[in-house]
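For reference, the structure is listed below as structure tokens.
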Amino acid sequence: MNSEEKNWAMLCHLAAFAGWVVPFGWIIGPLIVWLVKRNQFRFVDEQGKESLNFQISLMIYGIVALILCLILIGFLLLIALAVFQIVFVIIAAVKTSNGEHYRYPLTIRFIR
């Protein structure tokens, strides 16, 4: 696996931070990188799916947390989800840049 492949795979994870600037960017960013490079690099295909699955899972957890805001516990869950996303995306990016295959915790595998 060459450095270009590792960099594109790392970008699949880091592109999720687009969600802090662009609505639904946490899904659109990794989706664009994955769609553009998945046929060229097998590692990017694998890590792109992993990133998308994690971001979709977080979106579902976020919807549940929003509903729970009605009983006030949801606000804490939303903060916890934001911290969870930041920490694990950074971990995934670092591991992927080293060429390691990374699997996010608490992820529902929608895309296989």
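For CD1 of Ile73, the number of neighbouring non-hydrogen atoms (other residues, nucleotides, ligands) closer than 6.0 Å is 12 at most. More than 12 heavy atoms of other shown residues, nucleotides or ligands fall within 6.0 angstrom of atom CZ in Arg109.
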Item to check | Intermediate values then yes/no, side-chain contact (heavy atoms from CB on, under 4.5 Å), Leu106 and Ser57 | outcome: CA-CA 8 Å; Leu106 304 175; Ser57 297; over 6 Å; no

Item to check | Working for ring pair (Phe, Tyr, Trp, His ring centres under 6.0 Å), residues His101 and Phe43 | outcome: CA-CA 8 Å; His101 299 270; Phe43 190 52; 5.0 Å; yes

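A distance-only check finds no donor-acceptor pair linking the side chain of Thr96 to the backbone of Ala9 [under 3.5 Å]. Looking only at distances, a side-chain donor or acceptor of Asn2 sits under 3.5 Å from a matching main-chain atom of Glu4.
The two residues Gly25 and Pro30 come nearest to each other via the heavy atoms O-CD, 3.7 Å. Contact detail for Cys12 and Ser51: the closest heavy-atom pair is O-OG, 3.1 Å. Between Met10 and Ala93, the closest heavy-atom pair is CG-O, 3.5 Å. Scanning both residues, Ala82 and Trp20, for their nearest heavy atoms gives CB-CH2, 3.7 Å.
By the 4.5 Å heavy-atom criterion applied to side chains, Tyr104 and Val89 are counted as neighbours. For the pair Phe110/Lys49, no side-chain contact is recorded, criterion being any heavy-atom separation below 4.5 Å from C-beta on. Between Gln85 and Leu81 there is no side-chain heavy-atom pair separated by less than 4.5 Å. Looking at heavy atoms from C-beta onward, Tyr61 lies in side-chain contact with Leu58 at the 4.5 angstrom threshold. For the pair Thr107 and Arg103, the minimum side-chain heavy-atom distance is 4.5 Å or more. Side-chain atoms of Phe41 and Gln47, non-hydrogen and from C-beta on, never get closer than 4.5 Å to each other. Ile108 has its side chain out of reach of Ile56: every pair of non-hydrogen atoms, C-beta onward, lies at least 4.5 Å apart.
Gln40 pairs by the side chain to side chain donor-acceptor pair (under 3.5 Å) definition with Lys37, not counting sequence neighbours. When the side-chain contact (heavy atoms from CB on, under 4.5 Å) test is applied to Pro105, the partners found at least two apart in sequence or on another chain are Phe84, Phe88, Tyr102. Residues passing the salt bridge (Lys or Arg N to Asp or Glu O under 4.0 Å) test with Lys6, sequence neighbours excluded: none.
Tracing side-chain contacts under 4.5 Å through hydrophobic residues (I, L, V, M, F, W, Y), one never reaches Ile86 starting from Leu11; they form parts of separate clusters. Hydrophobic clustering (side-chain heavy atoms under 4.5 Å, transitive across Ile, Leu, Val, Met, Phe, Trp, Tyr) groups Ile60 together with Phe54. Cluster annotation: Leu70 is not connected to Leu66 through the hydrophobic network of ILVMFWY side chains, with a link wherever side-chain heavy atoms come within less than 4.5 Å. The cluster map of Ile, Leu, Val, Met, Phe, Trp and Tyr, joined by side-chain heavy atoms under 4.5 Å apart, puts Ile111 and Val33 in different clusters. Hydrophobic clustering of Ile, Leu, Val, Met, Phe, Trp and Tyr side chains at less than 4.5 Å, counting indirect connections, unites Phe17 with Val87.
Of the inter-residue distances, the one linking Asp45 atom CG with Leu35 atom CG reads 10.0 Å to the nearest 0.5 angstrom. The distance from the CG atom of Leu14 to the CG atom of Asn7 is 10.0 Å, given to the nearest 0.5 Å.
Side chain to side chain, Glu50 and Trp34 fail the donor-acceptor criterion of an N or O pair below 3.5 Å.
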